[in-house]
Every structure is written in C-alpha cells, then in structure tokens.
Amino acid sequence: MKISGAEIIIESLKQEKIECMFGYPGGVVIPIFHHLFDAPFKFILSRHEQGAVHAADGYARASGKVGVVLATSGPGATNLVTGIATAYMDSIPLVVFTGQVSREMIGNDAFQEVDITGITRPITKHNYLVQDIQDLARIIKEAFHIASTGRPGPVVIDVPVDISKSMYKFSYPDTVSIRGYKPVTSGHPIQIERACKLIESAERPVVYAGGGVVISNASDELREFIRKTGIPITTTLLGLGIYPETDPLSLEMLGMHGTYYANHAVNQSDLLIAIGARFDDRVTGKISEFIPEAKVIHIDIDPASVSKNVMVDVPIVGDCKQVLSEINKVIRPPKIDRWLETVAGLKRDNPLTYEMSERGDIKPQYVVEQIYKQTGGDAIICTEVGQNQMWAAQFYKYTRPRTFISSGGLGTMGYGLPAAIGAQLAVPGKRVFDIAGDGSIQMNIQELIVATQHRLPIIIAILNNGFLGMVRQWQQLFFDRRYSHTCLAFAPDFEKLAVAYGAVGITVKKLEEVIPAIDRALSITDRPIIIDFHVSKEENVYPMVPAGKSIKETIMRELA
Amino acid sequence: MSQHVISVKVENKSGVLARVAGLFSARGYNIDSLTVSTTELEDISIMTIVVKGDDRVLEQVKKQLNKLIDVIKVSDHIGATSIQRELALVKVSAVPSKRSEIFQLVEIFRAEIADISAKTMTLGVKGSPEKVDNFIELLRPYGIKELLRTGRISLSNQ
Ligand SMILES: Cc1ncc(C[n+]2csc(CCOP(=O)(O)OP(=O)(O)O)c2C)c(N)n1
C-alpha cells in the first residue's frame with residue numbers, strides 16, 4: 001500500500017516513539033500538518049519558530065530524548081537558526097523538519113524559498129535535502145541515529161512539498177549503516193591503563209567534568225569514581241548537577257564566574273582529569289597560563305575535542321559512561337591527604353558570597369538562594385543569559401543531572417522560557433523555573449501563552465535590575481562606566497503582562513516579600529507565574545576572571 | 001605554515017563539496033588547489049586538497065573532516081609516501097627566433113605542443129608538481145600569457 005510522504009513522516013515518528021513535537025505551520029508543510037491532526041503524539045504550537053526549537057531543546061535536555069521540530073520553508077526555517085545553533089554548540093540531539101518549495105522550483109527564488117541546508121550546514125551535525133521519496137524513511141531513521149549517538153547534535157531534514165504529497169510504500173528500516181559514521185564508544189584499554197597509573201600516582205589531582213557526562217548519563221559512574229579515588233571535582237556550567245554540589249569534594253563550577261577554590265585548585269593541580277568537557281575559553285581563561293604544572297587526561301567521545309585547545313597527555317576517546325566504568329573496575333586511590341587539606345583550606349577561606357544591602361535592597365543572589373531553599377533543591381532550573389544565568393549557576397546547589405538547563409556555548413538570550421516549557425513537558429512532576437533577566441525575558445515572551453495553554457506551572461523569576469546587566473558589568477569594569485545603551489528604563493509592567501497572558505503576576509519590591517512570593521508561586525499548579533523581583537541595579541557577578549586573564553587572577557569583588 | 005596535501009574519500013553525493021570546503025573557509029583558509037573525481041567505486045569520490053596552514057589548525061581541520069557524516073576517510077599525503085600528478089597548460093610568447101629553444105624545453109620535459117600561432121605557443125605538461133613548477137619557471141623568461149593548472153591528484157602508495 002502506498003502512502004504520502006507526509007504520512008511517511010508521521011509513521012516514521014511513530015516508529016521512533018516520540019512523545020511530542022514542537023513547531024509552527026505554513027504553506028509547504030500543510031500536507032504534513034494535515035496528518036498531524038490525528039497523530040498519536042502531542043504537537044506543541046509555539047508562537048515563534050525560535051520558541052519551538054528552544055522548547056524541543058529544553059525537552060531534550062530534561063529528558064535525554066531527541067527533540068523534534070517542524071517548521072515551514074523560508075522565514076519559518078530561518079527563524080529556527082538561532083535555536084539550531086544553540087543546540088549545536090551544546091551537543092543537544094534534535095531532529096528538525098523544514099518544509100521546502102517543490103523540487104522543480106528550487107533555485108528559482110520561489111515564494112518562501114531559502115537554502116536552509118546551506119544556511120544550517122555549519123550549525124548542524126548533518127542535514128538532508130530530500131530529493132527522492134524513496135529515501136525519506138531511511139533519512140528519518142538516519143537523522144534520529146545521527147542526532148542521538150556519538151557527540152549528539154541537531155540534524156535538519158528539508159522536505160520539498162511535492163515529496164510530502166507524492167505516494168510511496170512505507171517501510172521503516174530496522175538498522176542504520178553509514179560507512180562514514182561509526183562513533184567509538186569504548187576507550188582504548190592501553191590508554192585507560194595509562195590513565196589509571198597517572199591517577200594513582202598523582203599528588204594534586206582535580207576532576208573537571210562537563211556536559212558530556214550529562215549526555216552519556218554517566219553521573220552514577222562519575223560519583224563512583226570520585227568515591228573510589230577521593231579526588232576533588234569541579235564542573236562546567238553544563239555539567240552542573242552531575243556531582244552533588246553539597247558534597248565536600250565538590251568545588252562547584254570553574255571558569256570565568258566559577259568559584260575561587262575551583263579555579264585555584266585547577267591552577268595548582270598536577271593532574272587534570274577532564275571528562276566530557278572541551279576546554280572552552282570561558283573555562284580556561286588565558287590559555288598559555290592554564291594549568292602550568294598539570295598533566296592532562298581527557299575522556300571525550302569527540303576526537304576533535306581532544307588536544308584542540310590544551311595538549312593532552314592521555315587521550316581516551318570514548319563514551320564517558322563506558323570509560324568510567326572500565327576505570328572504576330581497577331582504579332586505586334591516590335595518596336592525596338595533604339592536597340585535600342589544601343583544597344579544603346581554599347574552600348573555607350574563599351567562599352562564594354555576596355553582601356546583603358544595608359538599604360534593604362533585594363540582592364539577586366539572595367533570590368536564587370531562596371528559590372533553592374523553598375524548593376528543597378528539587379526543581380529544574382532553566383535560565384536566560386547574563387548575570388541571571390551566572391547567579392542561577394552559583395547560588396542554587398545542583399545535586400542531580402538534567403536539573404540545570406542553560407544555553408552555554410552560544411549564550412542565547414531568550415532561551416530560558418521556551419526551554420522551560422520543553423522541560424516541564426518532559427518532566428511534569430517537577431517544578432520548573434526560568435531564572436531570567438528583564439532583558440532576556442523580552443526576547444521570547446510570546447511563548448508565555450504556550451505555557452498558559454498547556455497549563456504548565458512554570459515559574460519565571462525575573463531578576464529585574466533595569467539593565468542588560470552583564471553587558472553593563474563589563475562597561476563598568478572595562479569601559480569607564482559608560483552605560484551605552486544598556487539601560488532598560490523603559491520596560492513593560494511584567495505583572496500586568498503576566499495577567500494579559502493568562503498567567504499569574506507577582507511584583508516583589510521588598511526583601512521580606514521574596515520568600516512569600518516564591519511560596520505563593522509554588523502553590524499554583526495550573527498556570528505559569530511571573531515573579532518580577534526588583535533587585536539591586538548595579539550588582540555584579542563575582543568571582544570573575546577578567547577576559548584574557550589567567551584563572552589564578554580570579555577577582556572576588558570590586559577593586560577599589 | 002607548511003603545505004599539506006589532504007586526500008578526502010567521500011560519498012559521491014550533492015552537497016559534500018560544500019561541507020568540505022566550508023571547514024576551510026570558516027577558518028579563513030585559502031585552498032591552493034582542489035580536485036574532485038570519481039574512483040574505481042562509482043559511489044565514492046576523492047577530493048585532493050592542497051592547502052598551506054598552521055600544523056595544529058590543520059590537524060583540527062582533519063579531525064573535523066573526519067566528523068562529517070559523508071566523509072569516509074581522511075589522509076595527509078606528504079611527498080614520499082604518495083604519487084602526485086598535475087597537468088598545466090601554458091601559453092607563451094614564441095616569436096620565430098625563440099621557437100627552437102622552446103622546442104628543446106618541450107622535448108626535455110616530454111611536454112606537448114597543444115597549439116601554435118604566429119606569436120604564441122600553447123604547451124601542455126604533466127607530471128609531478130615539482131616538474132610542472134620547473135617547466136613553468138623555465139618558460140617565464142619568454143613571457144607567459146596564460147597559465148592554468150589542474151591541481152594535483154595524489155595516490156597513496158602504502
Ligand atoms: C541573543 C543575544 N543577544 C545579545 C547577547 C549579548 N548579551 C549577553 S548578556 C546580555 C544582557 C542580558 O541582560 P538581562 O537579560 O537583563 O540579564 P542580566 O544580565 O541583567 O541578568 C546581553 C545583551 C546575547 N547573549 N544573546
């Protein structure tokens with residue numbers, strides 16, 4: 001029996017057992033929408049295609065499954081670009097369908113035609129323009145495989161409308177065979193042995209773990225490794241939660257706004273064990289002065305990440321989970337009692353703090369801390385980008401993977417709200433926050449209505465400082481306090497805006513209102529809530545490694 | 001900066017050339033020569049890319065090439081381990097009094113006289129890139145009017 005290309009897409013998605021799809025309709029995808037009408041999975045209609053792709057990304061990060069998106073050709077497809085790039089930078093598995101004009105029109109500047117495979121080539125793991133309906137099912141099967149294996153990433157499938165309309169027999173392949181794509185998953189035994197020797201004889205080792213541990217679901221193996229070796233551990237922004245930050249061996253986050261003790265411990269180490277992390281410049285600071293005395297072991301599934309920024313002594317290309325469980329079978333603890341004392345001293349003497357204001361202003365860090373306390377640390381925290389993101393990373397203590405969801409590599413403002421929608425759909429039983437800035441939240445505020453429509457009780461905590469705070473901080477510190485175009489004095493009334501969208505709006509201007517506002521938001525379970533926290537205007541994020549400086553030059557507060 | 005001859009075995013599909021070229025252009029690298037051709041297997045093509053660049057950056061480019069789904073194999077062919085050939089067409093000024101000298105060069109290099117006119121000769125030469133370079137250098141004094149090279153192909157002899 002023959003079915004249409006549109007039906008082949010729906011049937012293939014059924015075979016992939018997807019739970020939901022995010023997207024937005026338009027001319028050339030009407031045939032697909034026609035069959036989505038009675039599909040057995042949910043379809044979440046965003047209000048802007050960027051919202052759809054970020055929501056699919058948030059869904060993927062919270063669930064570990066592939067996020068699926070559908071948008072129309074032309075502007076629908078170009079509206080996806082920022083979201084695809086966001087997912088690409090953070091290695092998030094997405095399968096993104098775009099409509100395309102019919103094959104005979106391609107290249108004619110047809111209405112709503114863009115070369116989306118060309119546009120997304122450098123920001124996708126792979127992409128396809130379907131040229132023959134015979135290939136459609138195989139391409140979808142391959143796309144899910146490529147998106148979710150190896151180092152994951154977004155895959156775009158561009159489907160010309162005449163393919164959606166033409167007829168072909170459906171059979172979904174059981175297996176995938178791509179001769180140029182065979183990701184290595186198990187580490188080389190000799191390298192593993194060399195790594196164990198280095199670890200066992202190290203005097204000042206530190207583990208530096210990142211998003212790769214989240215992706216490979218290796219948090220348990222990582223915890224066992226730390227339990228067996230007693231080595232202190234710091235994580236990247238995307239690694240938050242893979243090791244409990246409440247544990248004494250946790251040094252929390254490292255890097256530009258990492259803790260003093262993480263940065264100094266890494267700087268003094270004689271062995272850095274990098275696991276599923278890629279030595280991003282926001283982590284290493286000035287690269288020529290990074291880890292002057294350390295040997296490096298690097299476990300990563302992506303060979304191109306190894307020895308890219310930092311030369312590695314023992315590279316282990318493989319899946320973090322598999323490699324760690326091999327190591328855990330044989331590893332013996334190093335003798336590092338003195339080092340542990342040094343590290344404990346660093347931690348004791350340079351804690352992560354902020355000063356409460358004498359005037360009773362609400363400090364943004366205080367708000368994040370209270371969110372942590374009132375939720376018992378059991379929420380999923382999504383963030384926007386800027387100071388809000390850094391405070392959310394610093395002052396909430398993450399203890400489980402997939403509970404901190406943030407655009408790391410691309411730093412995309414406007415990510416948090418749609419990502420929170422995706423996360424809440426993935427994990428209906430948990431409270432989901434979007435910790436936001438007054439700038440970022442306005443970038444995708446239209447998605448609020450999606451949360452209302454689906455009765456998602458997301459709590460949007462705006463740390464409203466009246467500024468594009470992170471940029472203002474740089475202007476203050478490095479550009480003579482010239483606050484050129486970073487003041488957001490003209491802002492909407494967020495409480496009224498919430499109400500207009502069918503959400504609950506709460507404005508908080510006094511310190512003593514902070515906790516009751518959070519509690520009230522937590523008591524609401526059938527609609528989204530915006531809490532507009534009016535916080536100190538010129539608070540800065542510390543610690544900070546100034547751009548271009550070494551991580552040992554971490555500064556703790558304003559220099560007088 | 002050193003020269004690399006990168007041989008990339010790829011799926012013979014549309015869009016692959018753009019992906020491969022994109023990895024160089026994104027880093028601001030200018031490709032000195034590029035050839036694409038089919039092989040003994042009709043669904044496989046080989047691209048031979050000659051490029052100058054920092055060794056570490058090119059190491060990274062090779063890893064990135066390997067990550068492309070349509071790339072089957074990447075190898076760097078350095079002189080001794082491979083057979084490299086190139087073809088050039090050169091149009092030189094050749095007034096009658098200079099022709100016999102040019103004929104001699106053609107002889108020595110086993111080149112070919114592809115065309116001849118009152119004032120010019122067009123010569124074809126094939127061989128190793130060094131041989132082609134030498135031939136061109138020796139023709140320079142006569143006045144080169146047009147010059148084209150195919151870019152090299154390279155076969156590993158390992
Ligand atoms: C889409 C986008 N545009 C611009 C930037 C640059 N940028 C980084 S942080 C920031 C300010 C963010 O302001 P706000 O959302 O109010 O957060 P705050 O830093 O005040 O917490 C800007 C403009 C960005 N990261 N993303």
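Nothing here was measured: the structure is a model prediction, and the numbers come from that model.
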Atom CD1 in Ile69(B), atom CD1 in Ile178(A): separation rounded to 0.5 Å? 6.0 Å
Measuring from atom NZ of Lys67(B) to atom NZ of Lys125(A), what distance do you get when rounded to the nearest 0.5 angstrom? 8.0 Å
Within a 6.0 Å radius of atom CG on Leu41(B), are there more than 12 heavy atoms belonging to other residues, nucleotides or ligands? yes
For Leu68(B), which atoms come within 4.5 Å of any heavy atom of chain A: side chain, backbone, both, or neither? backbone
So do the side chains of Asp302(A) and Lys63(B) get within less than 4.5 Å of each other, counting heavy atoms only? no
More than 12 heavy atoms from other groups under 6.0 Å of CD on Glu137(B): yes
Which atoms of Asp115(A) are under 4.5 Å from chain B, going by heavy atoms: the side chain, the backbone, both sets, or neither? neither
Could you have a look at Glu11(B), Gln60(B), Arg19(B) and say which one has the most heavy-atom pairs with chain A under 4.5 angstrom? Arg19(B)
Tell me, yes or no, whether the heavy-atom count around Lys98(B) atom NZ, taken from other residues, nucleotides or ligands under 6.0 Å, exceeds 12. no
What option among Val306(A), Ile146(A), Asn127(A) has the most heavy-atom pairs under 4.5 Å with chain B? Asn127(A)
Where Arg121(A) and Gly15(B) come nearest, the two heavy atoms and their spacing: NE-O, 4.2 Å
Would you indicate whether Glu42(B), at its atom CD, is surrounded by more than 12 heavy atoms from other residues, nucleotides or ligands within a distance under 6.0 Å? no
Between Glu142(A) and chain B, with a heavy-atom cut-off of 4.5 Å, which part of the residue counts as in contact: side chain, backbone, both or neither? neither
Using a cut-off of 6.0 Å, state whether more than 12 heavy atoms not belonging to Arg282(A) lie near its atom CZ. no
Check each atom of Ala26(B) against the heavy atoms of chain A and say whether the ones under 4.5 Å are side chain, backbone, both or neither. neither
Separation between CZ (Arg179(A)) and NZ (Lys9(B)), nearest 0.5 Å, reads 8.5 Å
Look at atom CG of Asp109(A) and say whether more than 12 heavy atoms of other residues, nucleotides or ligands are closer to it than 6.0 Å. no
Decide if atom NZ of Lys141(A) counts as having more than 12 heavy atoms of other residues, nucleotides or ligands within a radius under 6.0 Å. yes
What's the verdict on side chain to side chain contact (heavy atoms under 4.5 Å, CB included) for Ser307(A) and Glu59(B), showing C-alpha distance, side-chain angles and the deciding distance? CA-CA 10 Å; Ser307(A) 292; Glu59(B) 198 49 44; over 6 Å; no
Report the distance from atom OH of Tyr128(A) to atom NZ of Lys13(B), rounding to the nearest 0.5 Å. 6.5 Å
Is Lys131(B) atom NZ crowded by more than 12 heavy atoms from other residues, nucleotides or ligands, each under 6.0 Å away? yes
